[in-house]
Amino acid sequence: MKDSNQRQALRMELESERSSSNEEVHLRNDYRSTFSVDTDDIISYLETTFINQVVIEYDNNYNINIKEDAEDNDNLTARDFIGPNIIINNNNNNNINSNGNNNDNNSNFFSSLVVVKGILMVIIIVTALFGNALVIASVRRHRKLRVPTNRYVVSLAAADLLVAICAMTFNASVELSGGKWLFGRFMCNVWNSFDVYFSTASILHLCCISVDRYYAIVRPLEYPAIMKNIVVTAMLTSAWLLPAFISFIPIFFGWYTTPEHLEYLKEHPEVCVFVVNRPFALISSSVSFWLPGLVMIIMYCKIYKEAVRQREALSRASSNTVLNSVHLHRVSTSRHRSRTSHQLLLQPTEDFRVNGGTWCNTAAIELNSDNGNLK
């Protein structure tokens, strides 16, 4: 009876302490512990970390440790064990401080990384703008550069300039904002269309330049008749029109991706991710990469073979020219030496006399005159 009375008294005392206490501790059913206390002095700690262990001490030295492994009783709550004194383990305080320091260090690192990334992107964009603008201005300023071949170069520079303005700037904003799109759903489609359009136009211009170089080097005699102004204009027009069929039209009509992705973009306007389906991926990659790349490889292989052939022909012609000049020099030198020796041997002198010297002088003069006629 005494034990039951003591237990009843202890239970009533605990219930009174629970009603007067302002602290609350909750355990979640998924066995992950959370700690929340209404007191103002420890609320800041609860905003940054999870408390792994709480020790509740009672006056009768009865300690209860609440841990993450609450497998014995799924309905266990801390209200059944609440007491007047709540002590947080010192290890948890150290973890809170260390986590706060780590968060500060991580924030400083990521801010520095964003600054470095922004500087690099600005440098790349400015370099692309000024470089392509200088190409266009130089061809426009100097009349000697206004040839049909440089029309391809100017058009390519214009395409690259528009890539820097319309595509790289939006990409920089996404990278610097942590992956968030800040301009709405319509501008997301515009950005994706500009990116695909101007990139494809730039690659097609490179393909046109390779065809132009092929006719200029491999077939130089046919080049003026083939590469007329109307042909150059038609090639440039196709390089600017074909990318529209794989950029603006399929993107704005929603043909480029799956219905699930379109629905996701509608529900999340802060996201602008370009995800394509398989048919669009095959058609777009063929038009913007594989076919132009194959044409450029074939053209430049033929140009390389022609350059090697012309180099070998020039080396043979130059060697033959050198050999002919050496042979002619040797022949002229030998003739000159033979004539000089004949003249020295047949030169008449005053001391040489045979039977009065009249007949020898006459013979020498006749031989010299014959050699002079042979010259």
Side-chain angles (χ1 to χ4, degrees), residues 124 127-128 130-164 196-243 246 281-333:
I124 294 172
T127 303
F130 278 98
N132 292 291
L134 286 175
V135 172
I136 298 173
S138 61
V139 175
R140 182 178 177 84
R141 181 178 179 83
H142 300 283
R143 290 183 175 272
K144 294 182 180 180
L145 297 177
R146 298 178 187 177
V147 293
T149 301
N150 287 337
R151 291 179 62 184
Y152 297 106
V153 178
V154 172
S155 185
L156 175 63
D160 293 338
L161 184 68
L162 292 173
V163 168
V196 176
Y197 179 81
F198 292 121
S199 300
T200 306
S202 179
I203 295 173
L204 292 179
H205 278 85
L206 294 176
C207 182
C208 294
I209 291 174
S210 67
V211 174
D212 179 80
R213 292 297 87 202
Y214 167 77
Y215 283 103
I217 296 174
V218 179
R219 300 180 181 180
L221 298 179
E222 301 176 3
Y223 179 77
I226 295 175
M227 289 297 170
K228 297 179 180 179
N229 288 329
I230 187 172
V231 176
V232 175
T233 303
M235 293 176 67
L236 293 177
T237 303
S238 63
W240 283 104
L241 288 180
L242 285 178
I246 60 172
L282 292 175
I283 296 173
S284 176
S285 61
S286 299
V287 175
S288 62
F289 181 76
W290 294 111
L291 292 179
L294 182 62
V295 172
M296 284 189 283
I297 290 172
I298 294 173
M299 294 294 104
Y300 284 116
C301 285
K302 292 184 177 181
I303 290 171
Y304 175 76
K305 291 180 180 179
E306 182 65 19
V308 172
R309 189 187 67 81
Q310 291 183 7
R311 184 184 65 183
E312 292 176 353
L314 289 175
S315 62
R316 287 196 300 268
S318 61
S319 62
N320 292 331
T321 302
V322 171
L323 291 175
N324 291 331
S325 62
V326 170
H327 179 70
L328 293 174
H329 179 71
R330 288 179 179 178
V331 171
S332 62
T333 303

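Values reported hereafter were calculated over all heavy atoms of this structure, with side chains retained and with hydrogens, waters and symmetry mates removed.
- Between W240 and Y197, the two ring planes are tilted [angle within 30° to 60°].
- At distances below 3.5 Å, not a single donor-acceptor pair connects side-chain atoms of S202 with backbone N or O atoms of F198.
- Rounding to the nearest 0.5 Å gives a distance of 11.0 Å between CG of D212 and CZ of R151.
- Residue F289 places its CZ atom among 12 or fewer non-hydrogen atoms of other residues, nucleotides or ligands, all under 6.0 Å distant.
- Here the shortest heavy-atom pairing between I203 and S288 reads CD1-O, 3.0 Å.
- A donor-acceptor contact shorter than 3.5 Å links the side chain of S138 to the backbone of V135.
- Interatomic distance, CD1 of I246 versus CD1 of I283, reported as 9.5 Å (0.5 Å rounding).
- With rounding to the nearest 0.5 Å, the separation of CD1 in I303 from OG in S210 is 7.0 Å.
- A salt bridge links E306 with R309: at least one charged nitrogen is closer than 4.0 Å to a carboxylate oxygen.
- With S284 contributing its side chain and A281 its backbone, the two residues share no donor-acceptor pair below 3.5 Å.
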Evaluate side-chain contact (heavy atoms from CB on, under 4.5 Å) for L291 paired with V295, printing each intermediate quantity in order.
CA-CA 6 Å; L291 292 179; V295 172; 5.6 Å; no

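- Contact detail for P220 and A216: the closest heavy-atom pair is CB-O, 3.6 Å.
- The environment of R140 atom CZ is sparse: at most 12 non-hydrogen atoms of other residues, nucleotides or ligands sit within 6.0 angstrom.
- Although no hydrogens or angles enter the test, the distance criterion places a donor-acceptor pair under 3.5 Å between the side chain of N132 and the main chain of A128.
- When all heavy atoms are compared, the tightest approach of S315 to E312 is OG-O, 2.6 Å.
- When every heavy atom of A201 is checked against every heavy atom of P243, the shortest pair comes out as N-CG, 3.7 Å.
- Taken from CE in M296 to CD1 in I209, the straight-line distance is 9.5 Å, to the nearest 0.5 Å.
- When all heavy atoms of Y152 and H205 are compared, the pair lying nearest together is O-CD2, 4.1 Å.
- Of all the heavy atoms in A239 and C208, the pair that sits closest is CB-SG, 4.5 Å.
- Listed for the S286 side chain is a donor-acceptor partner under 3.5 Å among the backbone atoms of L282.
- Going from atom OG1 of T149 over to atom CE of M227 covers 8.5 Å, rounded to the nearest 0.5 Å.
- In this structure, L204 CG and L241 CG are separated by 11.0 Å, a value rounded to the nearest 0.5 Å.
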